[in-house]
Structures are given as structure tokens and as C-alpha cells.
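Starting from 1, each residue takes its place in the sequence as its number. Just so you know, ligand 1 is whichever comes first in the structure, and atom 1 is the first atom listed for that ligand. Predicted model only: the values in this text are computed from it and were never measured.
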Amino acid sequence: MTNKMWGGRFKQDQDLLFWKFQSSIHYDKVLASYDIKGSIAHAKMLGKTGIIPVRAAQLITSNLAKMLKDLENNSFKIDLSAEDIHSAIYIALKKKIGDAADYLHTARSRNDQVVLDLRMYAKDKISVLTGLIKKLQSALVNVSKKNIDVIIPGLTHTRHAVPILLSHQLLAYVEMFERDSKRLFQARERCDEMPLGACAMAGTSFVIDREYVAKLLGFKKVSQNSIDAVSDRDFVIDILSAIAILFMHLSRFCEEMILFSTPEFNIIEIGEAYCTGSSIMPQKKNPDALELIRGTSARAYANLNSIMIMMKGLPLSYNRDMQLDKEEFFDSVDMTEKVLTIMSGLVKSIMINKNNMLKVFEDDESLFALDIADYLVRKGLAFARAHTITGKIITYCADNRLKISALPIDKLKRFTSKFDESFYKELDAKRSVVKKSSTGSTNPIFVRQQINKWVKRLKD
Ligand code: ARG
């Protein structure tokens, strides 16, 4: 028996090297279960509408159902000499039930079949990925909750800016990952269109029941333009771009955790389970997990880029180029699954160097510059004026190697008479964060509210 779904028109066999080059079975085999489920629904519909004999439909569906079971318990061997997974399943069925299998491909083409499989795969995988994002968010919320009292230097331009709660910073990532989740959910909505019935591109002359197939396979609606149905890979690009943005967030988080765990910042420590050592420098404990995830984001971007470029010049409708969407698509999905799982574990392993965080604010009182300026505003100065005076005090202290807290009040009064003894308590990180009062700010009351909100939201 031939291992092709076509061949009648050919006098010659394909060149061996070309045959291997064009075969997609080595990667599209991950679609096997979807392909079988799609075929079961299609055969049921063909039987129900009387397009094929009911007995043939029953034989096909019962044997495909058995095949699906075998696949699930690893006893179905996929024939890797087949051209693609659609051919492999069809040929396996034909081996089992003989000529009755020939009815299955009525009113169907691999062009609509492959999009169906891909859409089913995408819908399932998005549910897995959003579940994993939720776990990562929960891990971040947990660290935030446990360390609600930790104040760190907030950064702009990677330089000390103002005191903030570490939890506030971590919750910023929870917001980012929430947007990633939403993007994936929205992409899932756009996947939820059943393309079968488009056939090669123009539809079919048989009176098929597409809504029935959609219902059997759990699709919300059926596609409305058969040409678009087989030409469209927007849903793949949608997901790849949501993944690319997710990786941008992951990569920024990695970069920050690498910085925060350096002896220079000394804010956190990464659990040893996520570090490796050096073969020459015995002292090293390197944040390799974070570096590799940051590095892997390049591949997430490349995969998106690759499909965008592959698609951009194609005339409608199906072109074989489109087979090449799969490796990149599957790669990005697999990579995201792995990375999110590792990242959740890594976040759980993070330890906070609380004592060092108290010292930072002693060593660098310039972190209170904005608090000083705001103090002077409250004492009656215009902000720009307060800004200039504070700047002069900072420079004076830097030039003379003095701490601001060490300046006596008469010295301070030389900068402006607005200073009085109440000033010194401004040089306090805790006071600084508590004084923040705008919604969404680093005030512990707001941050605690946010933590409670996330705990609740992530539970269901
Ligand atoms: N393996 C092909 C793909 O992934 C299936 C569709 C092939 N259709 C065709 N007419 N050659 O796109």
C-alpha cells in the first residue's frame, strides 16, 4: 500500500531527498490526537447527512476512536515514512478497515484539515499557558505578601530614585503577566472558528453540516469564507506575538532579578536549584536560569518574525509554504510551557536580604531627595524652588562627604529658612512610602489591597 493520499496522477516517484525535505511528519505528529478527533467528527457528519454509507461512517469512527485510545496510552505507532500526520492517520485507518477508509476524505482537503488541527491544538495550549501564567502570578503575589515590609530603592535609569515597597515592584510584573494572559485569551477567541468544509479552498458541492461538526468539536462558530479559512494563519501569529510580548516581560524580570542578586544591589538571592557554578572560579554561583530565559526570548521573537515573513508574500489561498508555520509555532508553545514552569519555581526560591535593605537607605540619603523637596513644598516653597534647594544640599553633602542627616539645623537654614527640626524625620524610608497617597502608589495600604485583590482573583 502506498504511503500517500495522492498519486494517481504521477508516473514517477519523488526524489528521495526532496521527499524527506517536504515531509512534515517529524513535527506535525504532535497534532495526531486533534487530527483523529477532527476525522471522527467529520465522519459522523458524513454518515448523518447520508453523504457516505452509515456503516462505513460507523466503521471509521469506531476504529478512529480505538486509535485515539491507543495513541493516548502510547501503543499507537505513528508511521514516520508518511508525508504528514493527516496521511499517517488515514493510512493507518486504511490498514485496519480497508476500502471503507476511502470514504473518510469526502468533502475534505488537507488544506482545511490542517487548519482545523492547528486551531484545536492552539485552543488547548492556550488554556495550558494561561494556567501556567496564573501559577507564576501566584508565586509573585506570595513573595509580595510575605515581604510586604521590605523597602528597596526604586530605580529610574537603573539609578537610585525613591524608596518603594519590594512588593509594589513585584506586583508590577503581576500586572504585566495579567495582560499577557488576556492577550492569549483574546487570541483563543479568534482561534475558535471551525474551518472544515472549506475543502481545498472553494467549499464543497456536498450538502454537509458544518455547524454539527463545530458542535462536536467544541467550536463557537464556523468560518464564513472558505478561501480565508484555508489561507489564514493570523491565529498562529496572534499567539506567537502574545508569546513574544510575554517573553519580553519574562526577560525584563530576569534582567532585574540578575541585577538585584548582584553583590552590588544585594536585594535578593536566587535559590541554588536555579543557579550553576563555574568550572574555574570556585566562588561562583551564577543566575543561569535567569540568563537562559532572558536569552530564550530572542527565539520567541525570531519565531514570530519567521512566520510573519513566511506569510507576507503569499497569494490566496493555501500554499505549501504554510506548512512551515508549525515548527516555530510548536517551538514557541513548548518553550513557553517550560519557561513558565521553571520561572514559578525560581520565584518561590527567591530570598530577600532584608538587613541589607535597611543599610541602603543609611548609605544613600539622596534616595530621600524627593521627600526633602516635598517637605519644603509643604513648608510653602514652590516645587521648582524646592527642587533647586534640595539639589544644592545633595551636592554640598557629596562634595564634603557629609550625610544629610548630619547637617545641623542652622546649616540647613542657610539653604532656606523653611527648615526646622521636624525635617530630620523625613529621612526615613518607611515614612517615605507611607506618605504616598495616590491610588496605585507604593503606600503599603494600597499595596496590601492589591495583594488581597490578586489572591482572590488568582484563586478562581
Ligand atoms: N502538511 C501540510 C501542511 O502542513 C498539509 C496540507 C497539504 N496540502 C497540500 N495540498 N499539499 O500544510
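- Numbered from 1 in the order shown, with element, the atoms of ligand 1 that lie under 4.0 Å from a heavy atom of Asp84 read 1 (N), 2 (C), 5 (C).
- For atom 12 (O) of ligand 1, the closest non-hydrogen atom on the protein side is Tyr318 OH, 2.5 Å.
- Residue Gln323 approaches ligand 1 through these ligand atoms, each under 4.0 Å from one of its heavy atoms: 1 (N), 2 (C), 3 (C), 4 (O), 12 (O).
- When each of Lys4, Glu83, Gln22, Lys20 is checked for a side-chain hydrogen bond (donor to acceptor under 3.5 Å, both in side chains) with Gln14, only Lys4 meets the rule.
- Between Arg233 and ligand 1, not a single N/O pair is under 3.5 Å apart.
- Within 6.0 Å of CZ in Arg320 there are more than 12 heavy atoms belonging to other residues, nucleotides or ligands.
- For the side chain to side chain contact (heavy atoms under 4.5 Å, CB included) test with Lys326, the passing option among Asp84, Val114, Val30 is Val114; the others fail.
- In summary, the side chains of Gln137 and Lys134 do not present any donor paired with an acceptor at a separation below 3.5 Å, with no hydrogens or angles considered.
- Of all protein heavy atoms, the one lying nearest to atom 11 (N) of ligand 1 is Arg110 NH2, 3.7 Å.
- Every atom of ligand 1 is numbered from 1 in the order shown, and the set under 4.0 Å from a heavy atom of Ser24 is 1 (N).
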**Prompt:** What do the steps show when you test Val236 against Arg233 for side-chain contact (heavy atoms from CB on, under 4.5 Å), and what is the final call?
**Reply:** CA-CA 5 Å; Val236 173; Arg233 292 295 183 275; 4.2 Å; yes
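- Taking every heavy atom of Lys326 and a limit of under 4.0 angstrom, the matching atoms of ligand 1 come to 3 (C), 4 (O), 12 (O).
- Set against the non-hydrogen atoms of Val114, the atoms of ligand 1 under 4.0 Å away are 3 (C), 4 (O).
- For ligand 1, the polar-atom distance check against Asn111 finds a nitrogen or oxygen pair separated by under 3.5 Å.
- For Asp102 and Tyr90, the side-chain atoms include at least one donor-acceptor pair closer than 3.5 Å.
- The shortest heavy-atom contact between Leu132 and Thr341 is CD2-OG1, 3.8 Å.
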